[in-house]
Protein chains: 2
Amino acid sequence: MFQQSVAAPARHQNCSECPIRHRAVCARCDGDELDRLEEMKYYRSFQAGQTVVWSGDRMDFVGSVVSGIATLTQGMEDGRTQMVGLLLPSDFVGRPGRQGAAYDVVATTDLVMCCFRKKPFEEMMERTPHVAQRLLQMTLDELDAAREWMLVLGRKTAREKIASLLAIIGRRSSDLGVMPKPGGLVFDLPLTREAMADYLGLTLETVSRQISALKKDGVIILEGKRHVTVPDFARLIAESGDDGTVGAGAAWSRRGATTS
Amino acid sequence: MFQQSVAAPARHQNCSECPIRHRAVCARCDGDELDRLEEMKYYRSFQAGQTVVWSGDRMDFVGSVVSGIATLTQGMEDGRTQMVGLLLPSDFVGRPGRQGAAYDVVATTDLVMCCFRKKPFEEMMERTPHVAQRLLQMTLDELDAAREWMLVLGRKTAREKIASLLAIIGRRSSDLGVMPKPGGLVFDLPLTREAMADYLGLTLETVSRQISALKKDGVIILEGKRHVTVPDFARLIAESGDDGTVGAGAAWSRRGATTS
DNA sequence: CGCAGAATTGATACATCTCAAGCTGGGTGG
DNA sequence: CCACCCAGCTTGAGATGTATCAATTCTGCG
């Protein structure tokens with residue numbers, strides 16, 4: 001049902017020292033509740049490229065991304081695929097109350113997940129409100145992000161799509177510490193051109209061309225294929241077609257999310 | 001903040017006789033809880049075409065669609081718009097814990113909403129689990145539907161998009177009573193060509209052309225511009241690019257949803 | 001060194017958009 | 001009751017953005 005975890009098994013870790021303690025589904029839990037979660041939790045590690053869950057498979061756990069990045073993908077019979085979610089640390093995977101996985105979950109970098117056995121987790125959701133409340137909040141944020149993305153997919157040009165993706169990834173990176181340096185925003189792309197294409201509803205060739213165009217126009221600076229510098233973030237936003245206003249758009253920075 | 005309700009004010013109605021009692025956010029409430037909801041609720045009616053809420057406006061209520069259909073739309077500065085949700089009876093509007101509306105909500109038919117004052121509703125969510133649990137379930141369904149739609153927007157052809165929309169509307173209609181007649185599935189389109197275009201990320205001309213094409217190919221039969229007969233539902237599904245399998249796709253039939 | 005996966009770039013095809021005319025049906029006022 | 005009107009819709013012809021097919025060129029790694 002899921003592939004063998006190949007990366008070194010993560011050390012069993014105390015929740016109170018967990019890096020995602022305050023953002024994940026357990027964010028609101030008190031000491032007692034945390035103890036209960038400790039009992040039903042275990043860590044799994046995956047290598048970059050490994051599939052965490054296959055769409056349609058039975059799934060007897062839910063969990064949070066502790067570190068690394070995973071993608072959520074939906075496919076059609078003829079091979080076309082669309083990414084429907086990008087899972088970053090603290091994001092939630094799995095749906096309480098559902099048997100099977102609805103999407104493929106794939107690790108794009110080395111990945112560590114904190115998993116909860118589903119049955120006990122569901123029981124806990126019934127009895128204590130804190131987990132359910134937090135999950136609701138995260139799910140609502142994720143819904144906003146999905147709707148934001150519908151606008152990108154349905155109405156934006158290829159160039160705007162690329163700019164939107166860069167803005168989202170850039171914003172998220174800066175959230176997580178890397179401060180807007182005087183020299184501009186700097187980050188690494190966690191996705192291949194093909195993965196970006198899957199996210200944006202484009203082909204990888206078009207992605208490549210538009211990135212080249214943005215580079216030529218000075219909107220971004222590339223070192224190698226993955227390392228990006230954005231000298232003027234406002235310019236990037238303008239290229240994305242959004243006004244600077246924080247609408248539901250902030251969903252992505254408010255984040256902590258739900259899934260599969 | 002919202003336009004005057006112009007349609008005749010709906011009669012104050014008892015929850016226990018409410019047509020959406022078992023599907024809406026109140027589905028799991030017991031008698032006591034229902035009494036509390038009764039106290040904070042009021043009905044609003046809107047005429048077809050009226051805007052229920054403007055994106056960015058302060059929103060001091062949340063509520064359920066009782067009858068009629070509304071759309072949830074996101075716009076860009078230059079006028080491009082993308083529909084991000086279709087609100088049918090029992091669907092939920094508004095986000096607890098948020099001040100402003102994230103999207104425009106527009107009535108596409110005459111509409112009746114059951115509204116709850118936000119403050120008391122939020123307090124109730126804190127204290128009793130049934131409302132929050134139901135809302136979580138509805139939000140998760142809505143998230144699945146949104147992701148399903150991302151595949152449509154990102155990867156499907158115009159013809160497949162139209163077929164997908166017809167399948168969704170058709171399926172929903174048949175859910176709500178109208179049985180798959182021997183003569184095939186019959187329903188009325190609740191949307192103009194332009195609204196369909198906004199939903200599908202197309203222009204209204206392309207929508208029109210593809211509908212004509214599906215008609216010419218015998219996939220659908222049109223009487224007037226809105227009345228549709230689908231002689232062979234499986235054929236329609238095939239045209240939509242989906243296999244018949246019920247994946248997350250069933251989100252739309254399992255429904256009862258969240259919003260704005 | 002050379003290979004393999006990832007990315008770039010080019011030439012061409014095609015789906016969808018854009019702009020522009022008409023059509024249709026239901027409502028309205030003379 | 002009829003003529004008109006207008007929003008919604010259809011259809012056409014041409015422009016355009018993105019996909020597709022096909023070489024190369026990178027880049028890291030055994």
Side-chain angles (χ1 to χ4, degrees), chain A residues 47-50 71 76 78-82 106 108-109 152-166 188-217 220-228 239 241, chain B residues 47-50 71 76 78-82 106 108-109 152-166 188-217 220-228 239 241:
Chain A
Q47 289 185 313
Q50 266 194 297
T71 63
M76 294 169 65
D78 63 7
R80 282 176 281 177
T81 71
Q82 173 67 49
V106 179
T108 62
T109 65
V152 173
L153 290 172
R155 291 303 187 192
K156 290 194 179 179
T157 65
R159 170 182 265 243
E160 289 170 335
K161 285 178 175 182
I162 298 289
S164 298
L165 181 57
L166 293 175
D188 282 290
L189 289 172
L191 301 174
T192 64
R193 301 289 126 108
E194 186 177 22
M196 293 173 74
D198 274 351
Y199 206 167
L200 297 167
L202 297 170
T203 59
L204 85 182
E205 293 97 328
T206 297
V207 169
S208 183
R209 277 186 246 273
Q210 296 299 336
I211 288 182
S212 298
L214 289 175
K215 183 170 73 173
K216 183 161 69 63
D217 297 345
I220 58 174
I221 299 163
L222 270 186
E223 286 163 285
K225 283 133 195 321
R226 298 294 191 90
H227 194 72
V228 179
E239 292 286 357
Chain B
Q47 288 185 313
Q50 267 194 296
T71 63
M76 294 169 68
D78 63 7
R80 282 176 280 177
T81 72
Q82 173 67 50
V106 179
T108 61
T109 65
V152 173
L153 290 172
R155 292 303 186 192
K156 290 194 179 178
T157 65
R159 170 182 266 242
E160 289 170 335
K161 285 178 175 182
I162 298 288
S164 298
L165 181 57
L166 293 175
D188 282 289
L189 289 173
L191 301 174
T192 64
R193 301 289 126 109
E194 186 177 22
M196 293 173 74
D198 275 351
Y199 205 166
L200 297 166
L202 297 171
T203 59
L204 86 184
E205 293 97 328
T206 298
V207 170
S208 184
R209 277 187 247 272
Q210 296 299 337
I211 289 182
S212 297
L214 288 174
K215 182 170 74 175
K216 182 161 69 65
D217 296 346
I220 58 174
I221 298 164
L222 270 185
E223 287 164 285
K225 285 138 197 317
R226 298 294 192 91
H227 194 72
V228 179
E239 292 287 356

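What you are looking at is a predicted structure, and each value in this text was computed from that prediction instead of being measured. Proteins come first, then strands; the chains are lettered A, B, ... in the order of their sequence lines, and each starts at number 1. Heavy atoms only: backbone and side chains are in, while hydrogens, waters and symmetry mates are out.
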> Expressed in angstrom and rounded to an integer, what is the separation of B/Asp198 atom CG from C/dC17 atom P?
Replying inline: 12 Å

> Of all the choices, D/dT18, C/dT8, D/dC9, which nucleotide is nearest to the side chain of A/Gln210 once you look at every atom?
Replying inline: D/dT18

> If you check the A/Thr206 side chain, which of D/dT10, D/dA19, C/dC19 turns out closest?
Replying inline: D/dA19

> Out of C/dT9, D/dT20, C/dC17, which has the shortest distance to the side chain of A/Thr203?
Replying inline: D/dT20

> Roughly how far, to the nearest 0.5 Å, is CZ of B/Arg193 from CZ of B/Arg209?
Replying inline: 13.5 Å

> Does the pair B/Asp198 and A/Arg155 meet the rule for a side chain to side chain contact (heavy atoms under 4.5 Å, CB included), with working shown?
Replying inline: CA-CA 9 Å; B/Asp198 275 351; A/Arg155 291 303 187 192; 3.2 Å; yes

>> Quick check on DNA chain D: between A/Lys156 and A/Lys225, whose nearest nucleotide comes earlier from the 5' end?
In response: A/Lys156

>> Within the 4.0 Å heavy-atom criterion, would you say B/Leu202 contacts the bases, only the backbone, or no part of the nucleic acid?
In response: sugar-phosphate

> Just how far, in rounded Å, is P of C/dG26 from CD of B/Glu223?
Replying inline: 13 Å

> Among D/dA13, D/dT20, C/dA7, which nucleotide sits nearest the side chain of B/Arg209?
Replying inline: D/dA13

>> Need to verify one output field. Residue with the more 5' nearest nucleotide on DNA chain C, A/Arg155 or A/Arg193?
In response: A/Arg193

> 5'-most contact on DNA chain D: A/Gly224 or A/Val207, nearest heavy atom basis?
Replying inline: A/Val207

> Of the candidate nucleotides C/dT8, D/dC9, D/dT18, which contains the atom at the shortest distance from the side chain of A/Ala158?
Replying inline: D/dT18

> Between D/dC9 and B/Ser208, is there an OP1 or OP2 to side-chain N/O distance shorter than 4.0 Å?
Replying inline: no

> Within this structure, what is the CG-to-C1' distance between A/Leu153 and C/dT16, rounded to whole angstrom?
Replying inline: 17 Å

>> Using whole Å, what does the distance between atom C1' of nucleotide C/dA15 and atom NZ of B/Lys161 come to?
In response: 11 Å

> Using a cut-off of less than 4.0 Å, is there contact between a side-chain N or O of A/Arg226 and OP1 or OP2 of C/dA6?
Replying inline: no

> Do the non-hydrogen side-chain atoms of B/Thr192 and B/Arg226 ever get within less than 4.5 Å of each other?
Replying inline: yes

> Rounded to whole angstroms, how far apart are NE2 on B/His227 and P on C/dG26?
Replying inline: 14 Å

>> To the closest 0.5 Å, what do you measure between CD (B/Glu239) and OG1 (B/Thr157)?
In response: 9.0 Å

>> What is the distance, to the nearest angstrom, from the CD atom on B/Glu194 to the C1' atom on D/dC9?
In response: 11 Å

> When the distance from CD1 of A/Ile211 to P of C/dA6 is rounded to whole Å, what number comes out?
Replying inline: 15 Å

>> Does A/Glu205 contact D/dC21 through a side-chain donor or acceptor facing the base, at a distance under 3.5 Å?
In response: yes

> Where do A/Leu214 and A/Leu166 come nearest, in terms of heavy atoms and distance?
Replying inline: CD1-CD1, 4.1 Å

>> Expressed as a whole number of angstroms, how long is the span from B/Leu222:CG to C/dT24:P?
In response: 15 Å

